[in-house]
Structures are given as structure tokens and as C-alpha cells.
Amino acid sequence: MSRSDLLGTIMREHRDGLVSYAEKMLGDHGLAEDIVQETIIRAWRNIDRLLGMEGSVRGWLFTVTRHLVIDWVRKPHARREVVGVTYNDPVSGTDGTEAVHDTLVARPLLRRLSPDHRAVLVHIYLCDRSIQETAGILGIPAGTVKSRHHNALRKLRSVVGSEAGAA
């Protein structure tokens, strides 16, 4: 396969899936398209590596997209915008089934939280930030972050418990 054939295949077969994937994590279609454009640029820059790769090109593309999303979320300019975004990381299973299940379960649960509580969970669990880092980014005291964290988890537990009891 030639360099241009591989790039054409990437665009034709993977672009829409990559945009959908990035959009699920970011909640913003335009930003997702920008991220995928950067992924494709990186694929072009690494085309020789991709041509000789034994593993999955699709897997490489999704990994690059995921890393670009994480990098974008961690950038200072994005931190204010992340507060209202429900960040879902649908990359846990290798075949995608587990990821779809997790997204279908997590998204409605996170939507039940207030934006303030959701923002704390996003920063702590999805962006892997400490209480202090989260407090600095959100501009609130560390004690408030701890309180929101505790209350958000308590709310999620009660929702899950009540739904499990109703089933």
C-alpha cells in the first residue's frame, strides 16, 4: 500500500468514527473535528511507521485521538470550558462494547449531577487531578472541592442504588 493510499483509507474508513469518538469525550462537534484533523496530520507525519506497523492502524488512530483530547482538556485555555462538559472516556475495552456500555451508563448518571459536582468529578477522575489542582482550576477552596466530591459520589450511589432496587 502506498503512502497516499493509506492516507485515503484513513480518511475514508476512519474519519467519521474518530470524530464521533472525540465528540463523545468533548461534547463539541467542531472541536472534535479539529482534534481529528490533527490526528490525520500526525498519521501523515508517521505514515512510514504506519505502513510498516504490525498492529492495528485504527487502534493507533484512536489512541492518538484520545491523547489529543486529553492534552486539549488539560490545557489552561480549556479548563474554564471543561466545567460544563461531560467528559466520557469510551476507551476501556478493546472491541468497543465495554466502552459503549460504560458511556450509556455513565452519561445519564453524570447528567443528574449539578454542573459544579460534575466538574469536580471530571477533574479528579477523568483528568487525574488532585484536590488542590482542581481547586486552583475551578477557583474554589480545596474544602469546597472535597465537599462537592463527597456529595457527588453520594448522589451517584443513591441514584444507582434506587435504580437497582427498582429493577
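Values below: all heavy atoms of this structure, side chains included; hydrogens, waters and symmetry mates excluded.
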Can you find a side-chain donor-acceptor pair between R129 and H123 that sits under 3.5 Å?
yes
How long is the span from the CD1 atom in I70 to the CE atom in M25, to the nearest 0.5 Å?
7.0 Å
Reference residue T39; test side-chain contact (heavy atoms from CB on, under 4.5 Å); the match among V69, L68, T63
L68
Can you name the closest pair of heavy atoms from S56 and G59 and give their distance?
OG-N, 2.8 Å
Look up atom NE2 in H149 and atom CG in L153, then write down how far apart they are to the nearest 0.5 Å.
4.0 Å
E33 (side chain) donor-acceptor with G30 (main chain) under 3.5 angstrom
no
Does one side chain, of S147 or H150, offer a donor that lies under 3.5 Å from an acceptor on the other?
no
Once you round to the nearest 0.5 Å, how far does CD1 of I47 lie from CZ of R49?
12.0 Å
Distance check, rounded to the nearest 0.5 Å: I40 atom CD1 versus I35 atom CD1?
12.0 Å
Here the pair of heavy atoms bringing A135 nearest to P141 is CB-C, 4.0 Å
Are W72 and I41 connected in a single hydrophobic cluster, I mean Ile/Leu/Val/Met/Phe/Trp/Tyr linked by side-chain heavy atoms less than 4.5 Å apart?
no
Shortest non-hydrogen contact from R58 toward E13
NH1-O, 4.3 Å
Locate the shortest heavy-atom distance separating L61 from A43; write the atom from each residue and the value.
CD2-CB, 4.0 Å
Using 0.5 Å steps for rounding, measure from the OG1 atom of T65 to the NE2 atom of H14.
11.0 Å
Taking all heavy atoms of S158 and all of K155, pick out the closest pair and write down the distance.
OG-O, 2.8 Å
Shortest non-hydrogen contact from L113 toward A152
CD2-O, 3.8 Å
To the nearest 0.5 Å, what is the distance between CG on L121 and OG1 on T134?
10.0 Å
Kindly indicate, with the supporting measurements, whether the criterion side chain to side chain contact (heavy atoms under 4.5 Å, CB included) is fulfilled by N151 and H117.
CA-CA 8 Å; N151 290 330; H117 287 110; 3.7 Å; yes
Flag, side chain of D28 to backbone of L31, donor-acceptor distance under 3.5 Å
yes
V36 side chain near R15 side chain, heavy-atom distance below 4.5 Å:
yes
